[in-house]
Amino acid sequence: VTPAAAHLIDTAAEQPAAAGRLRGRLADTMKRGFFLVFRAAPYPTPPGLVRIGNPGRRAPVLVTTNYELTVRRVTRALAGVDCYLLVAPAGGMNVWCAAGDGRFSVDSIVSILKTSRVGELVDHRRVILPELCANGINMFEVRRRTGWTAVFGPARAEDIPEYLRRGRKKTEAMMRVTFTHPERLEMAIAMWGSLSLRYTVFPTLLCGWWVAPWFLSILAVLAAAVSHGCFVLPGKTFVQKAGVVAVAVVAALGAAASMGALSASAAILLSGLSLFGAFLVGSAFPGYSPYWQCGYSKVFFGYPDLRLNVVEEGCIGCKLCWEVCPVDCFAPTDRHTYALVNPDLCEGCMACVIQCPTDTIINEVAAHHRAETVDG
Amino acid sequence: MPAVVLMKAFENTPARYDGAMQLLTLGRLARLRREIAARVTADSRVLDVGCGTGSLAVMMAKNGARVLGIDTSEPMLDVARQRVVGEDVAERVELRRLSAMEIEKLPRAAYDFVVSTLVLSELSDEEALCLLTDARERLAPGGRLLVADEVVPASRSRRLGYAALRFPLRLLTYLVTQAQGLSPRRRAMTALYFAIELPLMLLVFLFVPPSSRPLADIETWLRATGFRITGVRYYLGGTLELVEAGAA
């Protein structure tokens, strides 16, 4: 039995012997490689308290979820900052997804504040939440249920040191998500891994094993091209954009066939697979981006995820919606209120709906379905 | 009984939860609840941690106890509220949305019984120890803790059989849970979705630790948190354990 207070993850853990270290590093590298490709799968680490640097009684207390990659990256971003990091139980998923899924909730915060006993280590009662959990954790509810004041820190962990240096003030850039090329590459690999796992079986069953490496390569080309070219490729929808790339792949296959490097029947079959792959990548890509709605709800449930309605009379100008919006949907008006000025940018995270203290921002779809349920 | 793990699948559909659980535990869950309700004396004050759909709370209230039932799931509490009204015990049962980590907010030494069924197995070790410590502080002098949970059976042969049964049941539970929430109106789309997602679901299933696990040793936990064990009973081949304990 471990007493609750002993549950402290120490950043400077004991170093194992050289042989064990090598084996450990090899296993670690393999595991990381696996989770780079299959990032859609959760990867839990034990929840607990991480002491970073040499935190004192006034050190900031930050929160993240128990996803291995998240913990690793947040810890790295916090190097050189004296603080406590609470790794909250959230099913081993990243902050944004876990909060949207309900696994990273106020209950997680309640649990980690209690089990970590961080209250005995600091004199203040202020906890900094990652901004991207705003789609699942209402900051007023945290205050009401734990007595700790919750504030939303920056959207990205890399901005935390600068945010703390500025006296817990965020610039507007710190409130918004980014989608840089390295980030797109990561997402392209994750999308490739998950699509490969799901769909390679179908062409393989139809045509035999030889087609699998071709299909995987075509998917890789499509995933990379659509992710990196998401803003520049022609086309209105992502299926169209992926289609443009598929046409280029088909042309390359045609050229290879005309040079005799490929049989005509193989070229035709692979062209068909390219178009199938374009459909898959085009449909999946928005879900692997921080900017676009995935749109699956409409396909599988028959209605969209959300339709936001902002009733301006109720707005008290608290700025929360503008602060937690990871894109750039809200802007101040000249009447000291905030308005939904860029509804097209909305990627459907619902953070504004959940945070709005006066319930001025309403998801009309949810309201409609609630009414339907109540009516029977 | 490994079937206890299947209850996860029914937590999302509270209305069906009780019937399914009854079936899966071969009626033993009802027997266990009756046993707990019988031990709760009339006019006593009871705290039911993780009351779920309120079946146990209603039984205890019918025996004359005044029950405070707490749970984190609002849909389960909705079912419990309807049940309490339907069984005409509304004046003796209070229901609140409160997590097991928040019972320290309730008055100290204010309950004659603290009851908790199938809750500890869903908590982490740290959470379970916090809950037990707080539960002991909520007990009035002479008060009793009644916990029932899924446990690893003591004999080796039973442990093996148990492990062999639990895995497929966990898998089935996981898949049933995944299928829930999909629209019943779009059956074809749902079937297609399921066929396509199956490999990824299996991957996730293999890598993610189960949301509940059988407890290795409730009794050691209880002693570590200041309890003295006064009674132990097993159900379902030693896989469901009911422990009665008082403050040491």
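Convention: sequence-line order gives letters A, B, ...; per-chain numbering from 1. Values reported hereafter were calculated over all heavy atoms of this structure, with side chains retained and with hydrogens, waters and symmetry mates removed.
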(request) Please name all residues satisfying side-chain contact (heavy atoms from CB on, under 4.5 Å) with I189(A), sequence neighbours left out, ordered by chain then number. (result) L36(A), V37(A), L185(A)

(request) Examine whether an atom of R97(B) lies under 4.5 Å from a heavy atom of chain A, and if so say whether it belongs to the side chain, the backbone or both; otherwise answer neither. (result) side chain

(message) Please rank E104(B), E102(B), K105(B) by heavy-atom pairs under 4.5 Å with chain A and give me the top one.
(response) E102(B)

Does [X], at its [atom1] atom, have more than 12 non-hydrogen atoms belonging to other residues, nucleotides or ligands within less than 6.0 Å?
X       : atom1 : answer
F276(A) : CZ    : yes
R143(A) : CZ    : no
R72(A)  : CZ    : yes

(request) Evaluate side chain to side chain contact (heavy atoms under 4.5 Å, CB included) for T115(A) paired with M101(B), printing each intermediate quantity in order. (result) CA-CA 9 Å; T115(A) 55; M101(B) 293 295 96; 4.3 Å; yes

(request) To the nearest 0.5 Å, tell me how far E126(B) CD sits from K114(A) NZ. (result) 13.0 Å

(message) Distance check, rounded to the nearest 0.5 Å: I109(A) atom CD1 versus S99(B) atom OG?
(response) 12.0 Å

(message) List the residues meeting salt bridge (charged side-chain N to carboxylate O under 4.0 Å, His left out) with D28(A), not counting sequence neighbours, and say none if there are none.
(response) R32(A)

